[in-house]
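Along the sequence shown, residues are numbered consecutively beginning with 1. First listed ligand is number 1; within each ligand, the first listed atom is number 1.
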Amino acid sequence: MWDLLIKGATVVDPLNRIEAVRDVAIENGQIAEVGVDLPGGCARVVEDYTGKVLQPGIVDSHVHLGEMWGSPFGFKMLAMAGVTTCLDMAGPLDNVLKNIPTYGSGINCAILQFASPPFTFKTNEPSKEEMDALIDQSMKEGALGVKLLGGHYPLKPAVSSLLIKTALEHGAYIAWHAGTSEHGSNIEGMREAVELSQGNFLHLAHINAYCRGAIRPELEETKEAIELLLANDHIHCESYISPRNGTRLTCFENGKIQSKVTGNCLKRFGFTDDRDGVEAAFKANKVWAVYDAGGYSDLVTGEAGLKLWKEHNTDVGGSFNVNPPLPRVWLAEAKRPDGSFVVDAISTDGGCIPRNVILEQGLSLVKLGILTLSEFAAKTSLNPARMLRLDTKGHLSVGADADITIYDLDTQKPVATFVKGKTIFKNGKVYGSNGTVICTKYGEEFVKGLGINTLVVDPGKPVADRFVA
Ligand SMILES: [Zn+2]
């Protein structure tokens with residue numbers, strides 16, 4: 001007897017080269033069979049999704065779940081958007097872990113602790129010993145690795161390079177939002193990050209963020225980004241498709257902006273990069289603040305946004321419309337000579353930042369004929385699963401985890417999701433709770449002690465060859 005039989009959907013499974021109407025049988029949280037007209041009598045529960053599309057569960061490889069980026073509601077917001085697995089790209093680790101039993105929505109998440117002054121390092125020149133201590137402790141407490149938020153809180157170039165090497169020595173996952181004390185979060189920062197990675201694995205965050213026209217015209221920057229990635233296939237990466245970015249609007253006592261990204265956004269729109277600039281930007285509806293809209297986060301600008309920002313003593317998450325459209329589309333489409341994608345995955349940089357738009361906006365790329373359904377599934381599930389070394393996710397092979405996203409191509413909205421065969425989301429409602437943390441063997445015991453499930457992976461092992469659709 002199968003536990004669940006999902007009938008009638010168009011199944012899109014790039015790894016197994018399936019794009020056709022099929023039934024999917026699930027047993028003990030795993031895929032038991034994918035076939036034509038499987039017998040309903042062999043299953044305890046049968047659900048019909050005729051007319052909908054079914055793919056391996058969406059893996060969003062760049063999200064934020066830490067409250068400091070918006071709210072504790074990221075888990076639920078991701079589930080509502082059809083995501084079954086995510087990579088949290090900054091923590092704070094203890095805050096995300098603390099919130100999973102209370103706010104978790106049953107989805108899987110891997111967490112990268114931020115390796116950033118003034119939070120986890122005292123200065124922008126941490127010693128090797130400080131790095132060892134941070135990485136070691138973070139992994140023991142359930143992190144998959146660390147994230148260097150260079151664009152926001154930069155380290156010196158040589159120190160950034162040492163951090164990558166040190167993370168890899170520890171068998172940790174390492175991601176970098178490009179930028180150092182020498183170069184910003186732009187195409188020059190990206191070039192520097194690629195060079196400083198010295199041929200080692202690196203997850204380079206949101207490539208589109210370096211192609212906003214900060215240094216040269218945006219399409220020249222996009223071409224340069226693609227050429228850099230073609231010449232450096234040890235770099236794994238994602239790009240998002242929302243026009244909005246995500247940052248923090250915190251000002252120091254002296255009125256200066258804490259985040260370099262926020263400062264640059266303000267200057268780009270003609271404001272000063274200080275407290276007065278943020279105030280003027282709110283009044284001109286050019287900056288949005290993230291606020292708690294009652295169980296989920298939303299954005300607010302204008303006088304209401306200004307009031308909120310002041311009430312929180314400037315310490316709120318924020319967003320600017322800074323991503324021009326053509327680089328986002330080009331980065332989603334670009335391929336290598338062998339047919340694999342230059343940018344491995346479509347991400348959102350969402351989570352508790354309200355822009356979880358993989359389906360809502362990503363499926364427009366399918367409708368425009370820029371991606372096929374199989375390519376979309378590869379970029380939103382198989383490829384990011386491989387980046388995270390999740391062998392049992394990203395495909396619907398027999399024995400794979402029964403993580404599934406079912407969506408409506410007409411409305412570009414999720415209809416139902418399952419994690420290991422359990423219903424997480426259905427028809428607008430979240431049914432999942434708590435969650436599973438994807439961590440290394442060093443953190444397994446600690447996470448289990450918090451009453452949270454674990455899935456152990458080894459980020460030290462090589463990434464599987466890039467998939468060719
Ligand atoms: Zn981010």
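The side chain to side chain donor-acceptor pair (under 3.5 Å) analysis of residues 431-444, with sequence neighbours excluded, yields the pairs E444-K448. Applying the side chain to side chain donor-acceptor pair (under 3.5 Å) rule to pairs touching residues 76-101 yields E67-N95, E67-N99, T85-N108, sequence neighbours excluded. Pairs passing the side chain to side chain donor-acceptor pair (under 3.5 Å) check and including a residue from residues 290-301, sequence neighbours excluded, read S71-S297.
Distances shorter than 2.8 Å separate the Zn ion (ligand 1) from the protein N/O/S atoms H62 NE2, H64 NE2, D349 OD1.
Contact check on R212 versus E221 returns no salt bridge, with no Lys/Arg side-chain nitrogen under 4.0 Å from an Asp/Glu carboxylate oxygen.
Cation-pi check for R355 over Y240 is met; the charged atom lies under 6.0 angstrom from the ring centroid and within 45 degrees of its normal.
The aromatic rings of Y210 and H177 lie tilted to each other, with the angle between the two planes from 30° to 60°.
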